[in-house]
Each structure stands twice: as C-alpha cells, then as structure tokens.
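In what follows, a single structure is set out as structure tokens and then discussed.
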Protein chains: 2
Amino acid sequence: MKKTGKNIHSETICAVDYAFQRIGGKHKGRVIYHLRNGVRRYGELRRLLTGITAKMLTQVLRELEQDNLVTRHVYLEVPPRVEYQLTDTGRELLPFIILLSEWGRKQMGMETAVSC
Amino acid sequence: MKKTGKNIHSETICAVDYAFQRIGGKHKGRVIYHLRNGVRRYGELRRLLTGITAKMLTQVLRELEQDNLVTRHVYLEVPPRVEYQLTDTGRELLPFIILLSEWGRKQMGMETAVSC
DNA sequence: GAATGTAGATACCATTTGGATACTATTGCT
DNA sequence: AGCAATAGTATCCAAATGGTATCTACATTC
C-alpha cells in the first residue's frame, strides 16, 4: 500500500507521458518483451530476466496487472503455479517494444547485441 | 558530474534495456516528441513541456546530448540563445514515440487526450 | 541606476525506486 | 524426519530521481 495519492497515472494529460508511465521503469519493457510469445510462469520469467530480484519481478508484474497489460492466472497446486500472459492491450505494445529493441540492437553495435 | 561509475549505460546486454536507458526517464520521451518538427530553443521547450523545471529540462537535454540524440547549438549572443535539434539517431526514434503517443491517446480515452 | 530576459548553475531536500537478505506455506520425495 | 521446489513476503537499506529556491552574466530597456 503506497501511502495515498498519485499511484495510478494521476492526472496525466500528455499521451507520451501517459504511455511512459505505463511501460517506463527499469524492467517493464523487458518483462513485456519476454511475454511476447505467450504464457510464462513466474519462475521462467525470473530465469529469463537476469539481474532482476524476486521482489522487483513481483512488483513489476503486479503493476502491469493493475494496468491491464498482463493477466495473472493462479493454479491452486502445490508447489504453486502462476502464469502470466499479455492482455490484448499489452499485446498492442509489442510492435513498439520489438522495434525499440531493434533500434537498441542497432545502436549497440552488433557484437555486443543480445536479444535479451 | 554524477559521482563516478555507470553513468553511460554501463554494460547492458539487453537491447530492450539499453533502449529504455536511452529514452526512459520521466521526461525524455516528451522532449524528443517536442523536437519532432525541428529546432527548438531552450525557452520554447520549457514553455511546451508544462510541469518541467529548468533543472530537469537542462539535465534531460544534457543526457540526450551525451547520448547523441540531440545537438546543442549555442549562439554567443546576449541574451543567450541555445537551440536544440534531434540528431539522425534521435530522429530514428520518432516513429516509436509517435506510435507510443497514439497508443497512449487511445488508452486514455479520446476525451482527456491531449497531444501534449 | 535599476529592472528585464535568457539560459543556465548550484546547493539542499524529499520522494521514489531498486536491491540484499531472510522468511513462509505446502506437498512430495527420500 | 529432513529437504527440495514454487511463488512469493517482509524488512531494512542504498541509490537514483525529481523538486525548490537562490544565484550568475551581460546587454538592452525604462
């Protein structure tokens, strides 16, 4: 519970700002990118997104869920299973993320470039 | 002078991360957006980017300059005149920013939507 | 001589964000 | 009984980010 106040995009007026608030942040783009091919389990994402801590991954996923960019599906099993998937709205962002990653790859120089 | 260390994208390996480091942050997208039609003076940008302080605008512009996304042209006049412009690399980002702003506008609902 | 305008710089503070570490619950496996 | 696996929480701390207020230089204008 984050105090109170401007947690959800408050009164943004600028569409560019608005969009950046939804996909900005350190890891959001990368999470969306790794959901590009469909369903992923929590643990899978954690292994894919090297350098992210459990706390951050959870936090980012929750924000994306609240933002209606991913869905979270909990299976009542033990050990637990939770699957994440892009919503239609989230999928609409994919072209952008993918193009951006291509731009990034180009800028980095092909040697160092890694899909992710 | 920001301490020392990982100021310039350190050793990012992920192209998505890399791209977000270059255009992420609270105002970068919007600054790029407002440079979409060519040259802008510092003061113009400040008036266009409502809600940004002089400090932040300067900081963002300097980062974009270091990142080779904008050029800074100082005229030795009094009162001073400084003009900013996108580089070719920066211009390559425009399609994405514009698409993103369209996505944002769509998401916001047309009523509230404002170009910027 | 004082005020105005431009494009900042600088110091200081508050908030936000991110990270390290340890901990939980439950079942199956050995 | 003890351990592994999954999907997290909780707590505390460090760093990054953003904001406020004040200051500068210099020519022009009042």
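First the proteins, then the strands, lettered A, B, ... as listed; each starts at 1. Atom set for the values below is all heavy atoms of this structure, side chains included, hydrogens, waters and symmetry mates excluded.
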Examine C/dG19: is either OP1 or OP2 under 4.0 Å from a nitrogen or oxygen in the side chain of A/His27? Give yes or no. yes
Is the phosphate of D/dA16 approached by B/Lys26 (side-chain N or O, under 4.0 Å from OP1 or OP2)? no
When you get a sec, tell me which of [options] is the closest nucleotide to the side chain of [X]?
X	options	value
A/Pro80	C/dT6, D/dT6, D/dG18	D/dT6
B/Lys55	C/dA11, C/dG8, C/dT26	C/dA11
B/Thr53	D/dG19, C/dA7, C/dG19	D/dG19

Interatomic distance where [atom1] belongs to [X] and [atom2] belongs to [N] [whole Å]:
X	N	atom1	atom2	value
B/Glu77	D/dC26	CD	P	16 Å
A/Glu83	D/dG8	CD	C1'	16 Å
A/Leu61	C/dG18	CG	P	13 Å
B/Leu57	C/dA7	CG	C1'	10 Å
B/Arg72	C/dA7	CZ	P	10 Å
A/Leu76	D/dT6	CG	C1'	14 Å
B/Arg62	C/dA9	CZ	C1'	10 Å
A/Arg30	C/dG18	CZ	C1'	13 Å

With heavy atoms under 4.0 Å as the rule, sort A/Arg41 into base, sugar-phosphate or nothing.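 Contact class for A/Arg41: sugar-phosphate only.
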Atom CG in A/Leu93, atom CG in A/Asp88: separation rounded to 0.5 Å? 11.5 Å
Give a yes or no on whether a salt bridge exists between A/Glu63 and A/Arg22, defined as a side-chain N under 4.0 angstrom from a carboxylate O. no
Is the ring pair B/Trp103/A/Tyr18 parallel, tilted or perpendicular, if the boundaries are 30 and 60 degrees?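 Ring orientation, 0 to 90° scale: tilted.
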More 5' along DNA chain D: B/Ile52 or A/Thr58, using each one's nearest nucleotide?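 Its nearest nucleotide being more 5', the pick is A/Thr58.
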Upstream residue (5' side of DNA chain C) when B/Arg81 and A/Val60 are each assigned their closest nucleotide: B/Arg81
Select from A/Met56 and B/Tyr84 the residue whose nearest nucleotide in DNA chain C is closer to the 5' end of that strand. B/Tyr84
Do any N or O atoms from the side chain of B/Thr87 and from the backbone of B/Leu69 form a donor-acceptor pair under 3.5 angstrom? yes
Distance under 6.0 Å and angle within 45° of the ring axis: does B/Arg81 meet both against B/Tyr75? yes
